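This report refers to the structure that appears directly beneath it.
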Amino acid sequence: MEYLCLKSRNSQVIEMISITYILLGLVLLSLHAVECKPKTTPLDTIEFPALNCRKHSAVLTDFGGVGDGKTSNTKAFASAIDKLSGLASDGGAMLIVPPGKWLTGSFNLTSHFTLYIHKDAVLLGSQDESEWPNLPVLPSYGRGRDAPGGRLSSLIFGTNLTDIVVTGGNGTIDGQGAYWWEKFHKKKLDATRPYLIEIMYSNQIQISNLTLINSPSWNVHPIYSSDVIIQGLTILAPVDSPNTDGINPDSCTNTRIEDCYIVSGDDCIAVKSGWDQYGIKVGMPTQQLVIRRLTCISPDSATIALGSEMSGGIQDVRIEDITAINTESGVRIKTAVGRGAFVRDIHVRRMVMKTMKYVFWMTGAYGSHPDPGYDPKALPEIKGINYRDIVAENVTYSARLDGINNDPFTGICISNVTITLTEKPKKLQWNCTDVEGVTSNVTPPACDLLSKKKADECPFPEDRLPIEDVKLKSCSIASSITLF
Ligand SMILES: *[C@@H]1O[C@H](CO)[C@@H](O)[C@H](O)[C@H]1NC(C)=O
Ligand SMILES: *[C@@H]1O[C@H](CO)[C@@H](O)[C@H](O)[C@H]1NC(C)=O
Ligand SMILES: *[C@@H]1O[C@H](CO)[C@@H](O)[C@H](O)[C@H]1NC(C)=O
Ligand SMILES: *[C@@H]1O[C@H](CO)[C@@H](O)[C@H](O)[C@H]1NC(C)=O
Ligand SMILES: *[C@@H]1O[C@H](CO)[C@@H](O)[C@H](O)[C@H]1NC(C)=O
Ligand SMILES: *[C@@H]1O[C@H](CO)[C@@H](O)[C@H](O)[C@H]1NC(C)=O
Ligand SMILES: *[C@@H]1O[C@H](CO)[C@@H](O)[C@H](O)[C@H]1NC(C)=O
């Protein structure tokens, strides 16, 4: 608007000069300026926290974007980001998605870049499969999860990048997943379904303040990356939708996930690191992970799953202040013979749960192999799994802990846990096989394999992970951008 006023003022000046009433012209000009001002609604500067602020900004409509919910914006996103990538070494750039409904297929991010989705903007995932490039399978998985062939690129994809921010004032990304769920159920998929956001081989990543709904499959998948902050996400999918995991940190180092609310048809968070022989070969663990202030609703899955794909290893995970409602299990370990690697140094504290099938669940016989080529001698090491300060209500089974024969899960420590049961609880509340460890101050009392110890055990680490000390800067959308 400011721009439009400026333009009309100039044309007025030219008109004035041409009739040479310069004095009158100036009077008119100042009158015009006065007249113009009230028409320019002063822009409320939008402020938001980010890893880095950018020197340059542009709006999707500058690149031909049309927010009518029908026109494809795949090309507009591609040309905008292509153009803005040229500014990476000059202070970086931000692309603003303004209010409107923006239908799009997959597009790729660039380094030193912010994608800002306005609170009244909705990105709509295209259902035209030609708008989703086919990518090679992930090296640590060896195949696509839905089909042995390739996998479709995520709606928002980035690889080999540094310093990327995907954020918004709670703007929405709607994957329009029903199309893909139906294909999945009818076994008509010939490539793996796309995710909403996937970032590979990158560092300094922020994904925050967004609402993600109806993903075709997983929602957020950082993989082979480090220094990742995910915060303030609302993730919603029907509880019977297939594989709509919330956030899946996979072979990532130094990750912080906080203040998220997730309702989904699969695990709210699934911590992963590759699958059987493929994951063992790549050998990239997920480590230095903190998950805090999560609320999860997932009647058929875990609040936080560790695995089942954990063949690069999972270690040094801190989980705290978690609420689970009407969810199948809490922090669950899923593994199998053939996975190899380890899950170790896991610390969980302060969980509140209501209406749970299991409070504690560990599964050593998860099965699910990419192909018959896995090594039956590759046994996972599950060791040092700590839980404390947990209150759970309306529970069916307190614990089902199934280790692996000749490969017991060891160093399990559970303390200060109060579980109240449903009206019709199962008789065997703690069903334990092939596990070793200690418990204290736990009701109902634990199985004999977890021998009792004095109270107040299972310490939580007192040091901080490097990602916990990363502070976000306060950035704002320049008031010269006036398309709202
Ligand atoms: C994004 O980048 C990947 C890897 O470079 C490429 O295969 C894919 O085609 C790109 N996607 C789009 C939409 O251009
Ligand atoms: C991205 O990084 C990976 C791992 O470092 C490397 O193997 C791959 O070649 C890189 N890809 C591109 C397009 O630079
Ligand atoms: C974001 O939007 C979702 C969906 O409308 C809403 O449930 C949630 O409360 C909002 N979050 C914030 C922080 O405003
Ligand atoms: C983003 O979400 C965080 C919570 O993770 C909240 O503290 C902050 O106020 C939100 N910022 C904006 C701009 O919505
Ligand atoms: C036990 O857990 C409860 C609930 O989380 C907490 O309020 C209490 O402080 C804990 N007690 C000890 C001794 O840590
Ligand atoms: C308790 O859990 C059962 C399922 O085991 C559920 O049907 C019931 O609604 C729950 N009760 C309450 C009060 O949440
Ligand atoms: C206990 O767990 C074992 C091994 O996982 C299982 O076979 C058995 O059925 C369970 N028992 C009960 C009573 O749930």
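On a predicted model such as this, the values are computed, not experimentally measured, just so you know. All ligand and atom numbering here is 1-based and tracks the order in the structure.
Within ligand 1, counting atoms from 1 as listed, the ones closer than 4.0 Å to a heavy atom of Leu135 are 7 (O). Taking every non-hydrogen atom of Asp389 and a distance limit under 4.0 Å, the qualifying atoms of ligand 5 come out as 1 (C), 2 (O), 5 (O), 10 (C), 14 (O). Short contacts between ligand 2 and Asn160, defined as distances under 4.0 Å to a heavy atom of the residue, involve ligand atoms 1 (C), 2 (O), 3 (C), 8 (C), 10 (C), 11 (N), 12 (C), 14 (O). Close approach of ligand 1 to Ser106 (heavy-atom distance below 4.0 Å) involves ligand atoms 13 (C). Distances below 4.0 Å separate heavy atoms of Pro133 from the following atoms of ligand 1: 9 (O), 11 (N), 12 (C), 13 (C).
Between Trp132 and Trp180, the ring planes lie perpendicular to each other; the angle is over 60°, past the 30° to 60° tilted range.
Remark: the Asp90 side chain and the His56 side chain contain an N/O donor-acceptor pair separated by less than 3.5 Å. Ser140 and Tyr224 share a side-chain donor-acceptor pair at under 3.5 Å.
Remark: minimum distance from atom 8 (C) of ligand 1 to any protein heavy atom is reached at Asn108 ND2, 3.8 Å. Remark: minimum distance from atom 5 (O) of ligand 1 to any protein heavy atom is reached at Thr159 CG2, 4.4 Å.
The proximity of Arg350 to ligand 5, defined as any non-hydrogen pair under 4.0 Å, does not occur for either the backbone or the side chain.
Nearest residue to atom 3 (C) of ligand 5 from Asn441, Asn416, Val391 is Asn416 (criterion: closest heavy atom).
Residue Arg388 places a heavy atom under 4.0 Å from ligand 5. Distances from ligand 1 to the non-hydrogen atoms of Ser153 include no value under 4.0 Å.
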Can you check side-chain contact (heavy atoms from CB on, under 4.5 Å) on Val331 and Tyr387, steps first, answer last? CA-CA 9 Å; Val331 177; Tyr387 302 90; 3.9 Å; yes

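The distance criterion of under 3.5 Å between nitrogen or oxygen atoms is not met by Tyr201 with respect to ligand 2.
Residues Tyr397 and Trp361 keep their aromatic ring centres 6.0 Å or farther apart.
In Lys354, the NZ atom is not crowded: 12 or fewer heavy atoms of neighbouring residues, nucleotides or ligands sit closer than 6.0 Å.
Ion pairing of Arg143 with Asp276 is absent here, as no side-chain N (NZ or NE/NH1/NH2) approaches a carboxylate O to less than 4.0 Å. Taking 4.0 Å as the cut-off between side-chain N and carboxylate O, Asp267 and Lys272 do not count as a salt-bridged pair.
Shortest non-hydrogen contact noted between Leu233 and Asn209 is CD2-N, 4.0 Å.
At a distance under 4.0 Å, a protein heavy atom can be found next to atom 14 (O) of ligand 2.
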